[in-house]
Amino acid sequence: MDSPQWDVIIAGCGPTGAMLAAELRLHDVRVLVLEKETEPVSFARIVGLHIRSIELMAMRGLLDRMLQHGRQRPAGGFFAAIAKPAPKGLDSTHAYLLGIPQPVVVRLLEEHAIQRGAQVRRGCAVADVEQDDEGVTVEQADGEQLRSRYLVGCDGGRSTVRKLLGVGFPGEPSRNETLMGEMQVGAPQEEIAAKVAEIQKTNKIFSLRPFGAGVYRVVVPVAGVSDRAEPPTLEDFKQHLRTIAGTDFGVHSPRWLSRFGDATRLAERYRVGRVLLAGDAAHIHPPTGGQGLNLGVQDAFNLGWKLAAQIRGWAPETLLDTYQAERHPVAEDVLDNTRAQMELLSTEPGPQAVRRLLTELMDFDEVNRYLIEKITATGIRYDFGEGPDLLGRRLPDIDVQQGRLYDLLHRGRGLLLDRTGRLTVGGWSDRVDHLADPTAPLDAPCALLRPDGHVAWVGDDQEDLDDHLSRWFGNPAN
């Protein structure tokens, strides 16, 4: 078999695939991204980057670009659209929601990956996959075969890669659909606002929001699931608007129309040999709480440095397996909280009663904070074994002597934050940076950060540190 042309082929150039490509290129991994669509998605669906995703962008020097194209909004009211403000003092320098068009996120991440040296080929669909001990053979729809050391399926909820692997995707199928689109509206704005306010007393999904120049973003829930795969028609919108609101508001001249279901599924495995899954290829769920894109980008951030370490030859034996061990439970939790949110959005009397109760409970700061941290992924604590509460958590963007902590993570390396000035990274200096800063606002003498910003070790003993450097960063260089 020919030697691999690439270290990693990524199927899919959405936010997950583009983020992963950029992360791999930080470590000089040869990356090819195959995207079946010939052109980027044209419609500008607005998504929200939650606190943890914003932090990740800051860690790689991408946040300023994102901020130029987005709008900062309060970090509250996410959970089942229950209108409660965010609790005070959220543990982040970036305690806001960044509303930004999804195509812009993808474009910025793709540009970043290409600037780093990744190659992106559009109009290239994966048709077959075969793997052996040395690598993966990827056959495209046109019959061309490519060879890589690893393949990562970031190709969406209907993932071809996942299906070719035969990985189970258990869960619940869609029971209801939601129509979404942008279109002009003929009714007066005051009439629309009054009608929407009346309907939203019980139906929290339904909305018509002004989007500039007489255009509205229209979201209409539909009972049941259509057997059609293509986008809905304007007549579909009119029909369901009349069913819910008693009027179609004179909608016309749509810019784009789409539909999505509420299926909830989780891949049984994230890795089969040299092939891995990330993003929607690994998990799908209703968009309630706006966690989907964020979950995929965070998958890529977790996987990138580990896969690069495997390819560069310094990864500890079990490092790549920690990708599933850490991210699969996170996805399980997201699926569960979206299930709960969907129940709370039901117009039935029982769920409405539970919603009223939870609304009261969220007046308690601890409850509100817990739910915000769950939705924004700032409450994640990976299981790294026994240790202080900080172990396994992400470290916020604290002030350090050299500026901001996240500015020191742009290269995707580990970092020892040393308040004692007595420790060293020794033979791991090619993979881990060392910052001696006795004034760092850290509730521990020293902390070892992984490239994804999670705390891998806390303490002040050199021998113990060396053990943990070996655990996460392999054997020291000679």
Derivation and outcome, side-chain contact (heavy atoms from CB on, under 4.5 Å), residues Thr288 and Leu345:
CA-CA 9 Å; Thr288 312; Leu345 289 169; 3.7 Å; yes

Using a 4.5 Å cut-off on heavy atoms from C-beta on, say whether the side chain of Gln119 contacts that of Trp6.
yes

Please tell me if the side chains of Asp91 and Thr378 come closer than 4.5 Å, counting only heavy atoms from C-beta onward.
no

Closest contact, heavy atoms only, Ile205 versus Val219:
O-CG1, 3.6 Å

Run the salt-bridge test on Arg411 and Asp433 with the 4.0 Å N-O cut-off and return the result as yes or no.
yes

Taking it one step at a time, do His283 and Asp299 satisfy side chain to side chain donor-acceptor pair (under 3.5 Å)?
CA-CA 11 Å; His283 39 69; Asp299 283 347; 2.7 Å; yes

List the residues meeting salt bridge (charged side-chain N to carboxylate O under 4.0 Å, His left out) with Asp336, not counting sequence neighbours, and say none if there are none.
Arg339

Using only heavy-atom distances, determine whether the side chains of Ser207 and Gln200 contain a donor-acceptor pair under 3.5 Å.
no

May I ask you to check whether over 12 heavy atoms, not counting those of Glu134, lie within 6.0 Å of atom CD?
no

Aromatic plane relationship, His94 with Tyr406 - under 30° parallel, 30 to 60° tilted, over 60° perpendicular
parallel

Before giving the answer on side-chain contact (heavy atoms from CB on, under 4.5 Å), spell out for Leu67 and Gln72 the whole-Å C-alpha distance, their side-chain angles and the decisive distance to 0.1 Å.
CA-CA 8 Å; Leu67 291 174; Gln72 296 183 37; 3.7 Å; yes

Option among Leu98, Leu90, Thr93 that satisfies the side-chain contact (heavy atoms from CB on, under 4.5 Å) test with Ile51
Leu90

Contact between Ile284 and Thr264 at the side-chain level, heavy atoms closer than 4.5 Å - yes or no?
no

Which atom pair, heavy atoms only, marks the closest approach of Glu268 to Val167?
N-CG1, 3.9 Å

Take atom CG in Asp363; do more than 12 heavy atoms of anything else shown fall under 6.0 Å from it?
yes

Glu55/Arg394 salt bridge by N-O under 4.0 Å criterion:
yes

Worked verdict on Lys306 versus Thr322 for side chain to side chain donor-acceptor pair (under 3.5 Å)
CA-CA 9 Å; Lys306 297 173 180 177; Thr322 66; 2.9 Å; yes

Show your reasoning for whether side-chain contact (heavy atoms from CB on, under 4.5 Å) applies to Glu111 and Arg107.
CA-CA 6 Å; Glu111 288 175 355; Arg107 175 174 62 81; 3.3 Å; yes

Would you say the ring centers of Phe473 and His468 fall short of 6.0 Å from each other?
no

Do Asn294 and Ser53 pair up side chain to side chain, a donor and an acceptor below 3.5 Å, judged on atom types alone?
yes

Between Ile380 and Tyr382, is any pair of side-chain heavy atoms under 4.5 Å apart?
yes

Do you see a donor-acceptor pair shorter than 3.5 Å between the side chains of Glu326 and Asn302?
yes

Check whether more than 12 heavy atoms from other residues, nucleotides or ligands sit under 6.0 Å from atom NZ of Lys36, and answer yes or no.
no

Trace of the side chain to side chain donor-acceptor pair (under 3.5 Å) decision for Gln68 with Asp64:
CA-CA 6 Å; Gln68 292 174 12; Asp64 286 346; over 6 Å; no

Has Arg450 got its NZ or CZ under 6.0 Å from the middle of the six-membered ring of Trp472, at an angle within 45 degrees of the ring axis?
yes

State whether the number of non-hydrogen atoms from other residues, nucleotides or ligands found under 6.0 Å of Arg175 atom CZ is greater than 12.
no

Is Glu366 paired with Arg369 through a side-chain N to carboxylate O contact shorter than 4.0 Å?
no

Check this for me: does any side-chain nitrogen of one of Lys88 and Asp365 sit under 4.0 Å from a carboxylate oxygen of the other?
no

Flag, side chain of His285 to backbone of Gln291, donor-acceptor distance under 3.5 Å
no

Can you confirm whether Asn475 is buried at CG, in the sense that more than 12 heavy atoms of other residues, nucleotides or ligands lie under 6.0 Å from that atom?
no

Do Gln341 and Asn337 meet the criterion of a side-chain donor-acceptor pair at a distance under 3.5 Å?
yes

Indicate yes or no: does Arg422 engage Asp418 in a salt bridge with an N to O separation below 4.0 Å.
no

Is the closest side-chain heavy-atom distance between Arg149 and Val8 below 4.5 Å?
no

Atom CZ of residue position Arg71 - does it have more than 12 heavy atoms of other residues, nucleotides or ligands inside 6.0 Å?
no

Give every donor-acceptor pair under 3.5 Å between a side-chain atom in residues 11-32 and any protein atom, sequence neighbours left out.
unit_1	atom_1	unit_2	atom_2	d
Glu23	OE1	Arg60	NE	3.3
Glu23	OE1	Arg60	NH2	3.0
Glu23	OE2	Arg60	NE	2.9
Arg25	NE	Arg116	O	2.8
Arg25	NH1	Val29	O	2.8
Arg25	NH2	Arg116	O	3.2
His27	NE2	Gly412	O	3.3
Arg30	NE	Asp7	OD1	3.4
Arg30	NE	Asp7	OD2	3.3
Arg30	NH1	Gln5	O	3.2
Arg30	NH2	Asp7	OD1	3.0

Test side-chain contact (heavy atoms from CB on, under 4.5 Å) on Leu358 and Ile82; report intermediate values, then the result.
CA-CA 9 Å; Leu358 184 59; Ile82 295 175; 4.0 Å; yes

Nearest atoms (heavy-atom pairs only) where Leu442 meets Leu390:
CD1-CD2, 4.0 Å

Which heavy atom of Gly459 sits nearest a heavy atom of Pro445, and at what distance?
O-CG, 3.3 Å

Test side chain to side chain donor-acceptor pair (under 3.5 Å) applied to Arg52 and Thr376, step by step
CA-CA 6 Å; Arg52 185 55 182 156; Thr376 62; over 6 Å; no

Could you tell me which non-hydrogen atom of His454 sits nearest to which non-hydrogen atom of Gly392, and how far apart they are?
ND1-O, 2.9 Å

Around Gln462, counting heavy atoms of other residues, nucleotides and ligands shown, do more than 12 lie under 6.0 Å from its CD?
yes

Could Asp321 and Arg271 be called an ion pair, given the rule that one side-chain N must be under 4.0 Å from one carboxylate O?
yes

Candidate list Trp305, Tyr270, Phe301, test ring pair (Phe, Tyr, Trp, His ring centres under 6.0 Å), partner Tyr323, passing option
Tyr270

Taking C-beta and beyond as the side chain, do Met66 and Leu109 meet within less than 4.5 Å on heavy atoms?
yes

Compute whether any side-chain donor of one residue and acceptor of the other, for Trp457 and Asp464, lie under 3.5 angstrom apart.
yes

Which atom of Val161 lies closest to which atom of Val275, heavy atoms considered:
CG1-CG1, 3.7 Å

Are side-chain heavy atoms of Leu417 and Leu408 found at a separation under 4.5 Å?
no

Could you tell me whether Glu317 atom CD has more than 12 heavy atoms of other residues or ligands within 6.0 Å of it?
no

Between Leu34 and Asp155, is there a side-chain heavy-atom distance shorter than 4.5 Å?
no

Stepwise salt bridge (Lys or Arg N to Asp or Glu O under 4.0 Å) test for Glu373 and Arg381
CA-CA 11 Å; Glu373 291 180 350; Arg381 186 190 185 202; over 6 Å; no

